[in-house]
Amino acid sequence: MSTSAQPQFRYTQTPSKVLHLRNLPWECIEEELVELCKPFGKIVNTKCNVGANRNQAFVEFSDLNQAINMVTYYASSSEPAQIRGKTVYIQYSNRHEIVNNKSPGDVPGNVLLVTIEGVEAGDVSIDVIHLVFSAFGFVHKIATFEKAAGFQALIQYSDVQTASTARDSLDGRSIPRYLLPSHVNECYLRISYSAHTDLNIKFQSHRSRDYTNPHLPVNPTAMDGLLQPVVGPDGKKKEFESNVLLASIENMQYAVTVDVLHTVFSAFGTVQKIAIFEKNGGTQALIQYPDIAIAAVAKEALEGHCIYDGGYCKLHLSYSRHTDLNVKAYSDKSRDYTIPISLAMQQTPAAGWQNPPGASAVGYTSSGMPQGHAQTSPVSSWFPAMPSGGHTFVSAPSTFPGQAYASSPSPAQPSPGVPQAIGTQPLHQPSQSPYYGS
DNA sequence: AGCACA
């Protein structure tokens, strides 16, 4: 019997390059593990969120001595190892390597590979894709293509965390029906990680976009595709048309903000300006597009639809006589997206409005660019897995004015929110923080 | 606070 001078070693396993960490905070992310462990050596592999409570993890060092250093350091340290203020207990794992069952598509990256099932390439516009994925953060670039697997898109975010939030929230979900052509019933998103980190987008076109580069040349023939659905097959005689739509909002039980309207109407193209006003006791809004064609598509697609499920905030659309709105660049009732944000902010500083990280093109008004969608908080504002019957479809980044969503469903009242078309499977669910969500 | 199957 050997007598160990150090009692904490008496019961420990034989040393291993792999450490077992427990009592981790819920959903502890890999970066936090790495931050904790990397002072002691090179980390070659990790496995987090292990165990029934997802509060355990494994970290594999490249060298056994590095693992020993970490264990011995914390064995004698007066400061325990901590993540998010929780004491983390560290031992040698009883295995000597982390078996990584991760297929390549499960290795997190900032670029998502999205397969859109059940549609032809022409059924889902790049603007709709952009709208859907912008709910989680600033989308830098999108490239779409057709492969044997079907219609696919690469979505580039600035960082891995944003990408993984989007993946966790959208994988397996369907794009809301009212953003799709009427002949498409469902289209499920299958999302994995791409090995790419930076997409090489050469043109703004109907197949690809670079939202970080407003001066990228437009491929004119490629852009034609955007305008094709304008003319209906019925050949009906057109009424007076305008690039500005007048929206009357019926049964407005819940706040409809400029941001909400921007999100909804951006699905069809660049929204240049928005103005909200009261008329005859009802709420109306003017939405300005750069051209009649886009306005026509939006009008056709949104007429009679409700912004929120349950018949709330039903839209009735007509063409406005206006062609160019004269609105305040940034107020709670109006927005001019053609003015660079920095300028608009100077005119009317508003709380909580932030630029997307890395978005130097603050004045860029490309289709549907959700300029308020930056997520500056390390905590996602999207709650990924709430029960159905949730809240709003329209994206609600943390920078949105709070009251629009604060008034959203209290348990006692019917949920507004999910657009009718997506039924009980809301794509997007705003929440201040996933950690407060349940 | 206590060892991973996908």
Side-chain angles (χ1 to χ4, degrees), chain A residues 4 6-115 117 149 160-161 163-173 188-195 380 384-385 434-435 438:
Chain A
S4 171
Q6 294 172 297
Q8 64 266 42
F9 281 18
R10 210 183 318 174
Y11 299 113
T12 53
Q13 306 85 336
T14 54
S16 164
K17 286 184 301 188
V18 181
L19 298 183
H20 175 222
L21 293 81
R22 31 186 228 278
N23 198 35
L24 296 168
W26 186 75
E27 294 273 301
C28 170
I29 60 172
E30 184 179 30
E31 281 86 338
E32 292 170 304
L33 286 180
V34 172
E35 284 305 309
L36 179 69
C37 301
K38 77 176 182 201
F40 299 92
K42 183 172 191 242
I43 296 150
V44 296
N45 210 345
T46 65
K47 189 188 270 287
C48 16
N49 303 330
V50 166
N53 297 324
R54 298 171 69 76
N55 60 353
Q56 298 175 50
F58 297 90
V59 172
E60 181 177 340
F61 285 99
S62 67
D63 191 85
L64 178 63
N65 286 328
Q66 298 166 352
I68 293 174
N69 281 343
M70 182 161 182
V71 169
T72 53
Y73 174 84
Y74 282 113
S76 57
S77 167
S78 54
E79 295 287 313
Q82 285 191 331
I83 289 179
R84 298 190 210 176
K86 282 191 82 175
T87 296
V88 175
Y89 299 89
I90 303 167
Q91 284 183 305
Y92 299 113
S93 172
N94 51 26
R95 302 197 201 176
H96 287 81
E97 65 180 313
I98 292 177
V99 290
N100 230 352
N101 301 332
K102 278 178 182 171
S103 60
D106 290 331
V107 179
N110 64 317
V111 178
L112 297 177
L113 172 62
V114 181
T115 303
E117 297 181 343
V160 177
Q161 235 191 301
S164 71
T165 304
R167 187 188 106 116
D168 293 345
S169 303
L170 293 176
D171 191 23
R173 293 263 174 91
Y188 290 102
L189 304 173
R190 297 289 165 213
I191 306 179
S192 60
Y193 294 103
S194 164
S380 158
Y435 302 104
S438 61

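Note on naming: letters A, B, ... go to the chains in the order of the sequence lines (proteins, then strands), and numbering restarts at 1 for each one.
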Taken to the nearest whole Å, NZ/Lys86(A) to P/dA1(B) is 7 Å
Between CD1 of Ile90(A) and P of dC3(B) the distance, given in whole Å, is 16 Å
Side-chain contact check for Ile98(A): nearest option of dA1(B), dA4(B), dC3(B) is dA4(B)
Atom CG of Leu21(A) and atom P of dC3(B) are separated, to the nearest Å, by 13 Å
Margin query: Does this structure show an ion pair linking Glu97(A) with Lys17(A), if we count only N-O contacts that are shorter than 4.0 Å?
Written below: no
Taken to the nearest 0.5 Å, the spacing of Leu24(A) CG from Asn53(A) CG works out to 11.0 Å
Arg22(A) CZ to dA1(B) P, in whole Å, measures 9 Å
Arg95(A) side chain near dA4(B) phosphate (N/O to OP1/OP2, under 4.0 Å)
yes
Taken to the nearest whole Å, CG/Asp106(A) to P/dC5(B) is 13 Å
Paired with Ser93(A), the side-chain contact (heavy atoms from CB on, under 4.5 Å) test is passed by just one of Val59(A), Val18(A), Leu21(A), namely Val18(A)
Open item on the list: Closer than 3.5 angstrom, by distance alone: can the side chain of Glu60(A) be matched with the main-chain N or O of Ile98(A) as a donor-acceptor pair?
Closed with: yes
To the nearest angstrom, the CD-P distance between Glu60(A) and dA4(B) comes to 16 Å
Between CG of Leu33(A) and P of dC3(B) the distance, given in whole Å, is 17 Å
Expected list for residues 50-58 of chain A near DNA chain B, using heavy atoms below 4.0 Å, is Val50(A), Asn55(A), Gln56(A), Phe58(A)
Subject >> CA sep, side-chain torsions, deciding dist, call: Phe40(A), Tyr73(A), ring pair (Phe, Tyr, Trp, His ring centres under 6.0 Å) >> reply: CA-CA 9 Å; Phe40(A) 299 92; Tyr73(A) 174 84; 5.4 Å; yes
Side chain to side chain donor-acceptor pair (under 3.5 Å) test vs His20(A) passes for just one of Arg95(A), Gln56(A), Gln91(A), namely Gln56(A)
From CD of Gln91(A) across to C1' of dC3(B) the rounded distance in Å is 9 Å
Ile191(A) backbone acceptor or donor facing Arg167(A) side chain under 3.5 Å: yes
From the candidates dA4(B), dC3(B), dA1(B), the one with an atom nearest any side-chain atom of Val18(A) is dA4(B)
